[in-house]
Protein chains: 2
Amino acid sequence: MSETPKPADSLSGPVRPHHHGNLRQALITASIQLLDAEGASGLTLRKAAARAGVSHAAPAHHFAGLPDLLTAVATEAFALFTGAMREARQGAGDDPTARLEGICRGYIRFANDHAGLFHVMFLAADVDRSNPTFLSTSETAYAELRLACLPFSRQAPDPDQQLEIAVWSLVHGYAVLGFGACDPKGFTPTPRPDFNGLLRRLVLPAGAAD
Amino acid sequence: MSETPKPADSLSGPVRPHHHGNLRQALITASIQLLDAEGASGLTLRKAAARAGVSHAAPAHHFAGLPDLLTAVATEAFALFTGAMREARQGAGDDPTARLEGICRGYIRFANDHAGLFHVMFLAADVDRSNPTFLSTSETAYAELRLACLPFSRQAPDPDQQLEIAVWSLVHGYAVLGFGACDPKGFTPTPRPDFNGLLRRLVLPAGAAD
DNA sequence: GGGCTTTCTTGACACTGTCAAGATCCGGAA
DNA sequence: TTCCGGATCTTGACAGTGTCAAGAAAGCCC
């Protein structure tokens with residue numbers, strides 16, 4: 001609040017250097033913090049700049065504009081997302097069904113815990129989703145899901161693309177519609193349906209899901 | 001007649017309260033047109049007001065704020081959405097599978113053709129999804145899907161809530177991830193998977209989907 | 001007609017992204 | 001070392017946004 005600007009001739013002390021050092025990464029980190037703290041609408045170029053300790057126009061030298069920053073944020077978020085799914089998979093044991101369930105649990109939990117990030121990753125209109133770096137990072141996340149689908153392929157040992165799409169759509173829809181959220185969106189029925197039951201219904205033979 | 005152009009709806013004949021008649025409805029209609037024409041970010045209070053032919057602050061007397069307008073727009077959009085699904089259902093014949101496929105086709109087509117509206121309906125952060133009118137309208141849309149799921153219930157003739165959630169999540173995820181879009185989002189695999197195959201895999205006994 | 005309410009306009013404010021111009025500082029060349 | 005180019009950051013401005021306050025215009029009821 002009491003922001004006393006330092007005199008120009010103060011030689012010693014932690015004066016912020018004119019060159020930040022790694023402002024690009026600092027802006028991405030600040031953006032992620034803002035999204036986590038304030039939701040999808042909490043990210044602003046000026047707020048990210050302020051959080052990184054630079055003036056409001058400084059980001060222009062590292063990002064062509066807000067869409068460019070959003071694309072970088074979405075890319076980094078997909079890396080975090082992959083990590084979350086991977087961690088959930090590793091904690092789920094070796095059984096194929098448990099592993100796929102674990103990954104989906106990680107997927108849903110990430111969507112709930114980082115709703116702002118998730119919105120930027122999948123929904124923000126001005127993210128350039130044809131950006132090569134973004135594409136490769138998001139496909140890494142998709143590969144995590146695909147790998148876990150492999151044991152359930154109907155063309156085993158070849159991948160079953162139809163199943164991959166079905167699982168991805170199912171878990172994404174479940175997460176986005178808020179069925180797994182602690183704070184449901186409004187039209188969530190009660191009792192809240194467990195995702196694993198839905199998943200088994202898709203990947204296991206009929207009758208084995210119960 | 002030197003009459004100003006009428007707003008979209010005419011409730012009670014020629015008697016119109018002078019100035020602009022039903023500005024509230026005109027603003028909702030203008031908002032929907034803006035969303036359809038310019039996408040999710042095309043809707044602005046000021047642009048909607050301009051399109052309705054009033055000054056930028058006029059909407060304040062009909063909507064508490066932008067979130068309130070968005071809630072009204074989302075509510076009206078859900079009515080259109082229900083109509084689209086219903087129409088697709090009626091054009092699909094009497095077979096239960098064809099009927100469910102038809103509804104899902106309507107779901108996906110609406111999401112693609114009205115991406116801006118769809119965004120407001122399901123994703124816009126500041127829509128009040130606990131609004132009673134919104135709730136009842138959105139639940140009418142859900143009921144359309146639920147009814148079509150009934151023939152596939154495992155507890156027939158009682159509804160199978162798990163299946164309803166699964167189908168809803170599946171079709172929503174498929175639509176949102178852009179698998180059915182003409183202009184895919186970027187990570188869409190090729191060849192584009194047909195939704196009906198995914199759906200049959202969920203609702204029919206294993207082996208019957210091929 | 002006189003008052004009252006609703007409806008709409010005008011004007012202002014803080015906030016946003018973006019651009020232009022200038023200040024500052026790093027790194028390499030002379 | 002000194003000097004200069006260019007990268008980096010700041011300041012200031014602009015149009016656009018949502019929202020609020022104050023005032024004008026029109027309908028309604030007495």
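Letters A, B, ... mirror the listed sequences (proteins, then strands); counts begin at 1.
When rounded to the nearest whole Å, the span between CG of L27(B) and C1' of dT7(C) equals 12 Å. The distance between atom NE2 of H61(A) and atom P of dA21(C), rounded to the nearest whole Å, is 13 Å. Spacing between atom CG of D68(A) and atom P of dG17(C) amounts to 14 Å, rounded to whole angstrom units. Between the C1' atom of dT16(C) and the CG atom of L34(A) lies a distance of 14 Å, rounded to the nearest Å. Rounding to whole angstrom units, CG of residue L23(A) and C1' of dC25(C) are separated by 15 Å. We find that CG of L70(B) is positioned 13 Å from C1' of dT17(D), with the value rounded to whole Å. Rounded to whole Å, the distance from CD on E38(B) to P on dG16(D) is 13 Å. At whole-Å resolution of the value, CG in L66(B) and C1' in dT17(D) are 10 Å apart.
Sorted by first and then second residue, the side-chain hydrogen bond (donor to acceptor under 3.5 Å, both in side chains) pairs involving residues 49-64 of chain B (not counting sequence neighbours) are Q33(B)-R51(B).
Enclosure of atom CD in E87(A) is not indicated, since only 12 or fewer non-hydrogen atoms of other residues, nucleotides or ligands lie within 6.0 angstrom.
Classified by interplanar angle (parallel below 30°, tilted 30° to 60°, perpendicular above 60°), the ring pair F81(A)/F78(A) is perpendicular. Using a 30° and 60° split on the angle between ring planes, H119(B) and H119(A) fall in the perpendicular class, above 60°.
Counting atom types as modelled, R46(B) pairs a side-chain N or O with a base atom of dG18(D) as donor and acceptor under 3.5 Å.
Aromatic pair F195(A)/F179(A): centroids not less than 6.0 angstrom apart.
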Donor-acceptor pairs under 3.5 angstrom involving side-chain atoms of residues 99-106 of chain B: please list them, not counting sequence neighbours.
| unit_1 | atom_1 | unit_2 | atom_2 | d |
| --- | --- | --- | --- | --- |
| R99(B) | NH2 | D94(B) | O | 3.0 |
| E101(B) | OE2 | R200(B) | NE | 3.2 |
| E101(B) | OE2 | R200(B) | NH2 | 3.0 |

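Using a 4.0 Å cutoff on non-hydrogen atoms, the parts of residues 47-57 of chain B near DNA chain D are K47(B), H56(B), A57(B), ordered by number.
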